[in-house]
*Asks:* 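I am attaching a structure below and will ask some questions about it afterwards.
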2 protein chains.
Amino acid sequence: MNKRRISIEDIARRAGVSHSTVSRALRDNALISPKVREEIKRLAQEMSYVPNAIAQSLQNKRTNTIGVVVTSIADPFFAEVVEGIEKIARPAGLSVLLSASHRNFEQEMAAIDTFHRRRVDGILVADSRISKQHIKQLTQIAVPTVLINSQTEDQSEILHSVAIDDRLGAKLATEHLISLGHTAIGYLGVGDRSRSNQQRLEGYQMALTEAGIPPNTDWVSISDEYDTRTSDVNTGKNMLSKLLSAEVTGIFCYNDMVAVGALLACQELGILVPRNLSLVGFDGIALGSYVTPALTTVSQPMLEIGGYAMQMLLDLLEEKTVENRVLSPFLVERGSSAALLTI
Amino acid sequence: MNKRRISIEDIARRAGVSHSTVSRALRDNALISPKVREEIKRLAQEMSYVPNAIAQSLQNKRTNTIGVVVTSIADPFFAEVVEGIEKIARPAGLSVLLSASHRNFEQEMAAIDTFHRRRVDGILVADSRISKQHIKQLTQIAVPTVLINSQTEDQSEILHSVAIDDRLGAKLATEHLISLGHTAIGYLGVGDRSRSNQQRLEGYQMALTEAGIPPNTDWVSISDEYDTRTSDVNTGKNMLSKLLSAEVTGIFCYNDMVAVGALLACQELGILVPRNLSLVGFDGIALGSYVTPALTTVSQPMLEIGGYAMQMLLDLLEEKTVENRVLSPFLVERGSSAALLTI
DNA sequence: CTGAAAGCGCTAACAC
DNA sequence: GTGTTAGCGCTTTCAG
């Protein structure tokens with residue numbers, strides 16, 4: 001916004017009309033006579049006029065901008081979700097402001113605050129552990145907001161959401177292992193994602209119970225690191241041994257990255273997957289099909305999740321009423337899981 | 001920007017001062033007496049005032065916003081680059097508008113045009129095949145711009161850049177294979193990235209020549225698909241056979257995704273990597289170390305590339321003079337390449 | 001030290 | 001149909 005750019009005033013002067021006529025002509029206001037309208041448009045073109053969206057926003061009280069917060073841009077899961085968001089936002093004429101929170105409360109609040117100052121029309125928050133503070137903050141902004149896979153029970157009425165059914169997904173994964181003949185089945189979770197981790201744990205336990213398999217606490221291993229620098233892959237690598245000593249033959253992992261970590265650890269330990277150990281992940285990120293063996297996983301439709309959330313925001317912006325969505329994940333069977341070897 | 005929000009006017013009224021005094025107090029103008037300043041700040045807090053960045057931008061002719069165009073957000077390479085950009089932008093108080101071009105001219109021009117209308121303070125373009133039109137467009141916007149790994153020869157003086165040395169990288173990869181005893185070495189490239197593909201091809205050929213190995217056109221296979229829907233992985237998968245029939249023992253791939261595709265094809269064909277075939281990628285994306293065998297690759301410091309580009313933009317915004325950077329990639333030896341088996 | 005007034009570029013009553 | 005005027009919320013001379 002450096003130098004002086006040409007404005008409707010400049011065009012008006014050249015056209016010998018008032019600036020409001022120019023404004024109207026440019027916006028195809030029906031009142032303007034066709035001849036002047038065309039002439040003005042021609043002039044605008046010729047002078048390479050570019051409307052100032054800032055001035056328009058100030059006047060219209062609408063910025064045509066939405067804010068998106070994700071924990072990490074480089075995380076393949078969120079990258080896909082953001083891609084889905086952008087695919088819907090752009091054709092709708094909305095620009096997206098992107099911010100990463102790195103699973104850090106302050107950063108996330110700061111990001112939302114920035115969005116507030118910039119007067120975004122709506123906000124999308126992916127995978128936050130929404131706190132009371134967030135609710136308060138978001139309520140105050142009073143702008144349509146939709147939460148993606150977010151961890152909150154107290155859905156305030158201004159917050160909407162699209163989320164995956166974690167419990168169902170976990171159940172699918174566990175039932176899959178059970179159907180393959182496994183009975184000693186572990187869960188490898190991460191401690192810093194309280195709600196989703198909790199729900200996946202519950203789905204896992206539910207599946208065991210329904211199959212008449214008594215749960216065993218030794219089969220559950222949840223990292224207690226809140227260190228965001230430890231990647232999920234490392235979590236999987238580090239936590240595997242604990243489950244191995246509990247002699248499980250199959251493991252359901254919190255997500256694909258954790259499963260990849262477990263897989264790498266197996267390779268180091270000389271454990272054959274799926275011969276000696278079956279592994280199931282969660283998410284369905286592309287990389288899961290590139291590892292060897294390819295990862296059996298519970299897939300989330302990431303692009304759709306982002307797309308739905310964005311569409312919901314669009315509806316909200318048009319004052320339509322929307323309903324929260326809970327999407328169902330589905331099992332994708334690949335090479336990392338197999339029937340239990342009968343000895 | 002829906003409902004009426006409180007403005008400095010409102011605070012002024014409550015404080016019994018003029019709005020300009022409020023404006024000054026809030027911005028710590030030295031002229032305002034400490035007592036009123038504190039009182040005003042207290043009031044602002046109490047009334048939960050949030051400054052309107054739009055109005056500020058209109059006045060200051062600065063939006064504190066930058067625009068970033070990448071070909072795809074979900075591509076792990078760009079995801080890392082964007083992460084690096086955001087890491088520098090946020091602490092500097094700049095928000096980032098993100099847009100994906102999907103390697104499509106119109107979409108990219110449209111994105112840049114949107115940035116123009118929104119009066120961003122600067123623009124970052126990643127991996128584009130910059131055309132004359134782009135140059136014209138960007139020149140007209142007259143806003144600091146830095147190109148990341150972009151494909152243009154005619155660097156206009158307003159365009160700056162940070163790029164990886166593709167030729168050097170390709171040379172490192174090829175020399176690595178040569179040092180392992182390979183002499184029949186293939187290059188698996190992609191046709192829609194003219195310049196970087198061209199440069200990597202040249203580096204490859206240069207290495208061969210320097211080693212006294214006569215180049216063989218059968219060893220070079222470049223996809224001719226301009227179909228953006230065909231992923232790099234598929235390119236690798238589909239193009240491998242052609243090189244195999246030319247009986248190469250090592251292949252340098254355009255990037256890691258292509259290499260992964262080649263690797264998957266090898267697995268299907270029962271070709272052992274690295275025993276029967278050595279594979280080297282380019283980029284150094286995380287997933288390269290998760291596949292089996294882990295990918296030997298020429299690594300680009302993706303976070304740094306994004307960070308440098310952003311820092312450069314920051315310098316440009318402060319009217320500092322900057323110098324284009326060409327970064328050197330480095331070889332990361334992993335499991336996918338090994339010494340040629342002497343028969 | 002503080003207030004009045006102008007103006008950033010645009011839209012929208014309200015006149016004529 | 002088109003011009004005039006006000007105003008979106010803020011910063012910044014210019015007076016006092």
Side-chain angles (χ1 to χ4, degrees), chain A residues 1-41 43-44 47-65 93 116-121 141, chain B residues 1-41 43-44 47-65 93 116-121 141:
Chain A
M1 217 164 156
N2 276 333
K3 358 239 142 166
R4 241 208 120 257
R5 291 192 148 78
I6 56 162
S7 66
I8 53 173
E9 287 278 10
D10 301 319
I11 301 180
R13 214 168 303 130
R14 276 273 294 267
V17 296
S18 78
H19 72 280
S20 33
T21 299
V22 175
S23 173
R24 289 186 185 109
L26 259 19
R27 338 184 62 249
D28 286 320
N29 184 311
L31 297 178
I32 303 295
S33 77
K35 322 97 182 292
V36 282
R37 174 170 48 221
E38 289 321 313
E39 170 62 3
I40 286 174
K41 286 195 171 180
L43 262 177
M47 302 169 75
S48 51
Y49 164 73
V50 176
N52 185 328
I54 299 297
Q56 292 176 319
S57 295
L58 186 57
Q59 173 66 238
N60 299 336
K61 298 184 155 315
R62 206 166 191 292
T63 55
N64 291 312
T65 300
H116 189 181
R117 287 194 297 99
R118 294 193 181 282
R119 300 296 193 263
V120 297
D121 294 334
I141 301 185
Chain B
M1 217 163 154
N2 275 333
K3 358 238 140 166
R4 241 209 120 256
R5 292 192 147 79
I6 56 163
S7 68
I8 52 173
E9 286 279 10
D10 301 319
I11 301 180
R13 217 169 300 127
R14 277 272 295 267
V17 296
S18 77
H19 74 280
S20 28
T21 298
V22 174
S23 172
R24 289 187 184 108
L26 259 19
R27 341 187 60 251
D28 287 320
N29 185 311
L31 296 178
I32 302 297
S33 77
K35 323 96 181 294
V36 284
R37 174 171 48 221
E38 288 321 312
E39 170 62 4
I40 286 174
K41 285 194 172 179
L43 261 177
M47 302 169 74
S48 49
Y49 165 73
V50 177
N52 185 328
I54 299 298
Q56 292 177 319
S57 295
L58 185 58
Q59 174 66 236
N60 299 337
K61 298 185 156 312
R62 206 166 192 292
T63 56
N64 291 310
T65 301
H116 189 181
R117 286 195 297 99
R118 294 192 182 283
R119 301 297 194 262
V120 297
D121 295 334
I141 302 187

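These numbers were taken from a predicted model, which means no experiment stands behind them. Any value given below was found using the heavy atoms of this structure, including those in side chains, with hydrogens, waters and symmetry copies removed. Proteins come first, then strands; the chains are lettered A, B, ... in the order of their sequence lines, and each starts at number 1.
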*Asks:* So, is B/Ser18 close to the C/dG3 phosphate, meaning a side-chain N or O under 4.0 Å from OP1 or OP2?
*Replies:*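 For C/dG3, OP1/OP2 do have a side-chain N/O of B/Ser18 under 4.0 Å.
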*Asks:* Report the distance from atom NE2 of A/His19 to atom CZ of A/Arg24, rounding to the nearest 0.5 Å.
*Replies:* 9.0 Å
*Asks:* Less than 4.0 angstrom between a side-chain N/O of B/Lys61 and OP1 or OP2 of D/dT11, yes or no?
*Replies:* no
*Asks:* Show which side-chain atoms of residues 25-36 of chain A pair as donor or acceptor with protein atoms under 3.5 Å away, not counting sequence neighbours.
*Replies:*
unit_1: A/Asp28; atom_1: OD1; unit_2: A/Lys41; atom_2: NZ; d: 2.7
unit_1: A/Asp28; atom_1: OD2; unit_2: A/Lys41; atom_2: NZ; d: 3.4
unit_1: A/Asn29; atom_1: OD1; unit_2: A/Leu31; atom_2: N; d: 2.8

*Asks:* Atom CG of A/Leu26 to atom C1' of D/dG1: distance rounded to whole Å?
*Replies:*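 The distance from CG of A/Leu26 to C1' of D/dG1 comes to 17 Å, rounded to the nearest Å.
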*Asks:* To the nearest angstrom, how far is B/Leu58 atom CG from C/dG9 atom C1'?
*Replies:* 6 Å
*Asks:* Suppose we screen for side-chain hydrogen bond (donor to acceptor under 3.5 Å, both in side chains). Which residues come up paired with A/Glu39, at least two apart in sequence or across chains?
*Replies:* A/Arg42
*Asks:* Does B/Gln56 have a side-chain nitrogen or oxygen under 4.0 Å from the phosphate oxygens OP1 or OP2 of D/dG9?
*Replies:* no
*Asks:* Output one line per pair: protein atom, nucleotide atom from nucleotides 12-16 of chain C, and distance, for all N/O pairs under 3.5 Å.
*Replies:*
unit_1: C/dA13; atom_1: N6; unit_2: A/Arg24; atom_2: NH2; d: 2.5

*Asks:* A/His116: what forms a side-chain contact (heavy atoms from CB on, under 4.5 Å) with it, not counting sequence neighbours?
*Replies:* A/Arg119, A/Ile141, B/Arg5, B/Val50
*Asks:* Could you go step by step and tell me if A/Arg13 and A/Asp10 meet the side chain to side chain contact (heavy atoms under 4.5 Å, CB included) rule?
*Replies:* CA-CA 5 Å; A/Arg13 214 168 303 130; A/Asp10 301 319; 3.4 Å; yes
*Asks:* Enter the distance from B/Ile40:CD1 to B/Ser23:OG here, rounded to the nearest 0.5 Å.
*Replies:* 9.5 Å
*Asks:* Using the test side-chain hydrogen bond (donor to acceptor under 3.5 Å, both in side chains), find all partners of A/Ser20 that sit at least two apart in sequence or belong to another chain.
*Replies:* A/Ser18
*Asks:* Counting only non-hydrogen atoms, which of residues 31-40 of chain B are less than 4.0 Å from DNA chain C?
*Replies:* B/Leu31, B/Ile32, B/Ser33, B/Val36
*Asks:* Grab the CD-C1' distance between B/Glu9 and D/dG9 for me, whole Å please.
*Replies:* 8 Å
*Asks:* Rounded to whole Å, how long is the line connecting atom CZ of A/Arg62 with atom C1' of C/dG9?
*Replies:*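 In whole Å, C/dG9 C1' lies 20 Å from A/Arg62 CZ.
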*Asks:* Between atom CZ in A/Arg5 and atom C1' in C/dC10, what is the gap in whole Å?
*Replies:*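 About 16 Å, once rounded to whole Å.
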*Asks:* Roughly how far apart are B/Ile54 CD1 and A/Arg117 CZ, rounded to 0.5 Å?
*Replies:* 10.5 Å
*Asks:* Consider the side chain of B/Ile8, meaning its heavy atoms from C-beta on, and name the nucleotide among C/dG9, D/dT11, D/dG9 that approaches it most closely.
*Replies:*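 So the nucleotide nearest the side chain must be D/dT11.
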*Asks:* Please report, rounded to the nearest Å, how far the C1' atom of D/dT11 is from the CG atom of B/Asn52.
*Replies:*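 B/Asn52 atom CG is separated from D/dT11 atom C1' by 13 Å.
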*Asks:* By nearest nucleotide on DNA chain C, pick out whichever of B/Ala55 and B/Ala30 is the more 5' one.
*Replies:* B/Ala30
*Asks:* Quick one: A/Ile11 CD1 to D/dG3 C1', roughly how many Å, whole number?
*Replies:* 17 Å
*Asks:* Rounding to an integer number of Å, can you tell me how far A/Asn29 CG sits from D/dG3 C1'?
*Replies:* 14 Å
*Asks:* In which stems does DNA chain D show up, taking only runs of three or more Watson-Crick or G-U wobble pairs whose two distances fall under 3.5 Å?
*Replies:*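 Detected stem regions: C:1-16 with D:1-16.
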*Asks:* Find the distance between CZ (B/Arg14) and CD (B/Glu9) and round it off to the nearest 0.5 Å.
*Replies:* 15.0 Å
*Asks:* Can you tell me how far apart CG (A/Leu58) and CG (A/Asn60) are? Round to the nearest 0.5 Å.
*Replies:* 9.0 Å
*Asks:* Is B/Ile8 close to B/Tyr49 at the side-chain level, that is, under 4.5 Å between some pair of heavy atoms?
*Replies:*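 In short, these two side chains touch, coming nearer than 4.5 Å.
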*Asks:* Taking the side chain as every heavy atom from C-beta outward, state whether A/Arg118 and A/Thr63 have any pair of such atoms under 4.5 Å apart.
*Replies:*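 When only atoms from C-beta onward are counted, A/Thr63 and A/Arg118 do not touch, as no gap falls below 4.5 Å.
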